[in-house]
2 protein chains.
Amino acid sequence: MALGVGEHMLDSSRADILEAAAHCFMERGYSATSIDDVARRLGATKGRIYHHYSSKSDLFADVFRFGMEMNYKAIEPLRHSREKAVERWRKMAFVHVVQMITKRQFQRVVWEGVEMHLRGATTPEQRTVFADLIGSRARYSDVFRDLLAEARDDGDMAFGNLGITNQLVFITLNSPIFWYSPRAGETEGYIREIARQIVSFAMHGLGMKEGNP
Amino acid sequence: MALGVGEHMLDSSRADILEAAAHCFMERGYSATSIDDVARRLGATKGRIYHHYSSKSDLFADVFRFGMEMNYKAIEPLRHSREKAVERWRKMAFVHVVQMITKRQFQRVVWEGVEMHLRGATTPEQRTVFADLIGSRARYSDVFRDLLAEARDDGDMAFGNLGITNQLVFITLNSPIFWYSPRAGETEGYIREIARQIVSFAMHGLGMKEGNP
DNA sequence: GTCTATATGGTGATAGAC
DNA sequence: GTCTATCACCATATAGAC
């Protein structure tokens with residue numbers, strides 16, 4: 001029940017599988033992860049997984065989907081506030097980074113899913129499953145990109161090529177999925193402090209003054 | 001012979017294998033790449049590969065090694081110049097980014113090698129092979145980090161935590177391995193312009209004024 | 001719903017011809 | 001030095017008991 005999302009809840013059996021799968025995919029990557037690995041982490045056998053998912057790529061896609069749902073949910077309250085674009089961007093960037101840190105397993109899967117798509121490494125059948133996920137992810141990225149454009153028009157940001165800049169910013173915001181490692185006694189305040197430094201770095205790169213969310 | 005490195009040249013047979021392997025590992029990742037894939041790309045069979053390398057991880061390690069050798073070679077002339085740290089950092093960052101773009105296959109393998117190490121996904125025997133490679137990569141990163149510290153002492157940069165900042169900067173500089181895609185009629189000037197924008201973004205993030213290498 | 005087989009295919013690695 | 005078998009193993013996915 002900890003994994004409630006949007007208007008519906010996931011039954012706990014499925015939530016357990018998602019959590020275990022996300023963790024395994026994060027640790028070993030899609031290809032090196034076997035269904036047996038996920039089952040072992042669940043303390044079960046693969047029969048249980050195949051009862052809920054028809055294939056490994058189906059399972060992977062559902063983890064991907066759930067990761068994106070969490071992201072949209074996190075920024076939703078901030079998207080349509082009446083503040084200036086630069087301020088909306090700053091707050092959204094902050095909660096995005098916190099997501100990257102606290103939901104690391106799922107965000108790594110999202111990243112690898114995008115990677116697989118960009119490399120064209122997916123099989124034809126996988127493309128159908130992936131299509132709307134990749135679209136969802138692209139639209140999510142566009143939300144941030146459009147705010148950058150708006151903030152530049154407002155004169156609150158200064159940068160060169162919009163597409164490249166958004167790539168640089170996004171990879172900066174996503175980077176903790178690669179280098180952050182949780183430590184004992186990790187507090188919410190500690191995580192927020194890390195996130196603050198990352199957003200600050202990105203904002204400077206965007207030609208802005210300092211700011212504390 | 002195009003792959004000459006350091007004081008020695010690689011025999012062309014081995015250079016061909018390295019190039020093909022790098023390309024396959026870039027496209028599919030380590031685990032999803034089979035020796036047959038590499039052989040197919042060579043227009044050969046795996047007998048040829050196993051004559052030069054005793055295992056898949058050995059081959060991967062050699063691609064990793066070669067990628068790092070290229071990196072060290074690229075920054076070597078700049079490391080010990082007598083300019084200020086901030087200026088040395090800027091020039092080294094620039095050639096590093098150009099490497100990321102122009103030697104993308106090898107740099108992706110370096111990235112995945114580091115990833116595999118961080119995830120602890122390597123088998124005990126692989127750790128021995130990887131150990132010095134990871135060390136080499138860590139020292140390479142430290143070269144940049146130490147310059148950041150020096151530049152901050154000089155009063156030429158302003159940032160918070162050194163370790164986090166170096167991670168953010170490094171991931172920014174490395175990012176084209178993920179999003180850059182070569183296009184027809186790609187000129188050296190075009191690549192340098194992209195690199196210039198990336199370094200500029202990073203430098204702003206480091207609390208510096210604009211600069212054109 | 002979850003388990004225990006088991007069918008099936010692919011992959012790393014080796015042996016031996018040329 | 002490269003090729004053509006071939007082996008042994010592991011992983012996806014299924015079938016059917018409980």
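Chain naming here is simple, since letters A, B, ... match the order of the sequence lines and numbering starts at 1 in each. The model shown is predicted, which means the values in this text are computed figures rather than measured ones.
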* No-hydrogen, no-angle side-chain donor-acceptor test under 3.5 Å, A:Tyr53 and A:Asp62 ->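 A:Asp62 and A:Tyr53 do have a side-chain donor-acceptor pair below 3.5 Å.
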
* Strictly by modelled atom types, are A:Ser13 and A:Asp16 linked by a side-chain donor-acceptor pair under 3.5 Å? ->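 Judged by distance alone, the side chains do not pair up.
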
Roughly how many Å is it from [atom1] in [X] to [atom2] in [N], rounded to a whole number?
| X | N | atom1 | atom2 | result |
| --- | --- | --- | --- | --- |
| A:Ile35 | C:dT6 | CD1 | P | 21 Å |
| B:Asp58 | C:dG12 | CG | P | 14 Å |
| B:Arg28 | C:dG12 | CZ | C1' | 16 Å |
| A:Lys56 | C:dG10 | NZ | P | 15 Å |
| A:Asp36 | C:dT4 | CG | P | 11 Å |

With a 4.0 Å cut-off on heavy atoms, is [X] in touch with a base, just the backbone sugar-phosphate, or nothing at all?
| X | answer |
| --- | --- |
| A:Ser57 | nothing |
| B:Thr45 | base |
| B:Ser31 | nothing |

* Residue whose nearest DNA chain D nucleotide is more 5′ - A:Ser34 or A:Gly47 ->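 Closest to the 5' end, via its nearest nucleotide, is A:Ser34.
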
* To do: On DNA chain D, reading 5' to 3', which nucleotide is the first and which the last to sit with an atom under 4.0 Å from a heavy atom of chain A, could you check?
  =>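 In short, chain A contacts DNA chain D from D:dA11 to D:dT14.
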
* Output the distance between atom CZ (A:Arg65) and atom CE (A:Met68), rounded to the nearest 0.5 Å. =>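 So the gap between those two atoms works out to 12.0 Å.
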
* Is the distance between the ring centroids of A:Phe159 and B:Phe201 less than 6.0 Å? ->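 Between B:Phe201 and A:Phe159, which both carry aromatic rings, the centre distance is not below 6.0 Å.
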
* Looking at A:Arg183 and A:Glu186, does any basic side-chain N land under 4.0 Å from a carboxylate oxygen? ->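 No, this pair does not count.
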
* Asked: Can we say A:Asp142 and A:Arg139 salt-bridge, meaning some charged N sits less than 4.0 Å from an Asp/Glu carboxylate O?
  ->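 Not counted as a salt bridge, because no side-chain N and carboxylate O are separated by less than 4.0 Å.
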
